[in-house]
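All values reported here derive from a predicted model rather than from experimental measurement. One-based numbering along the sequence shown.
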Amino acid sequence: MLNRFSVWAALILSILLLVVVVVLAVRGTSCSGLNNCDPFKAVCASAKNEHQFFYSQCDMIRDSCLTGKDWKRDNFSHCNVHI
């Protein structure tokens, strides 16, 4: 009986570890752009019909990393900003 319990416990721990590794790998890819972004270049971005102005590329990447939104550069007219 104890042997069966230890097998199930090991299986559950293995699955949990796999989930943690996958989540960390996915989050790491969206945040990797913070190392080489331009902190002084303003960006208008869109994600699923939502538009937002960011004061820098770094702000856009940081927001994408924290919220999981897939921000892509967009035309400044969508953000009602003229630079």
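Between Asp70 and Lys72 there is a salt bridge, since at least one side-chain N of the basic residue sits less than 4.0 Å from a carboxylate O of the acidic one.
Scanning all heavy atoms of the two residues, the minimum distance from Arg62 to Leu34 falls at N-CD2, 4.0 Å.
Residues forming a salt bridge (Lys or Arg N to Asp or Glu O under 4.0 Å) with Asp63 (at least two apart in sequence, or on another chain): none.
Distance check: Glu50 CD to Trp71 CH2 gives 4.0 Å after rounding to the nearest 0.5 Å. Between the CD1 atom of Ile61 and the OG atom of Ser56 there is a distance of 8.5 Å, given to the nearest 0.5 Å. We find the CE-SG distance between Met60 and Cys37 to be 9.0 Å, quoted to the nearest 0.5 Å.
Follow the hydrophobic side-chain contacts under 4.5 Å out from Ile15 and you reach Trp8 in the same cluster.
A donor-acceptor contact shorter than 3.5 Å links the side chain of Ser64 to the backbone of Lys69.
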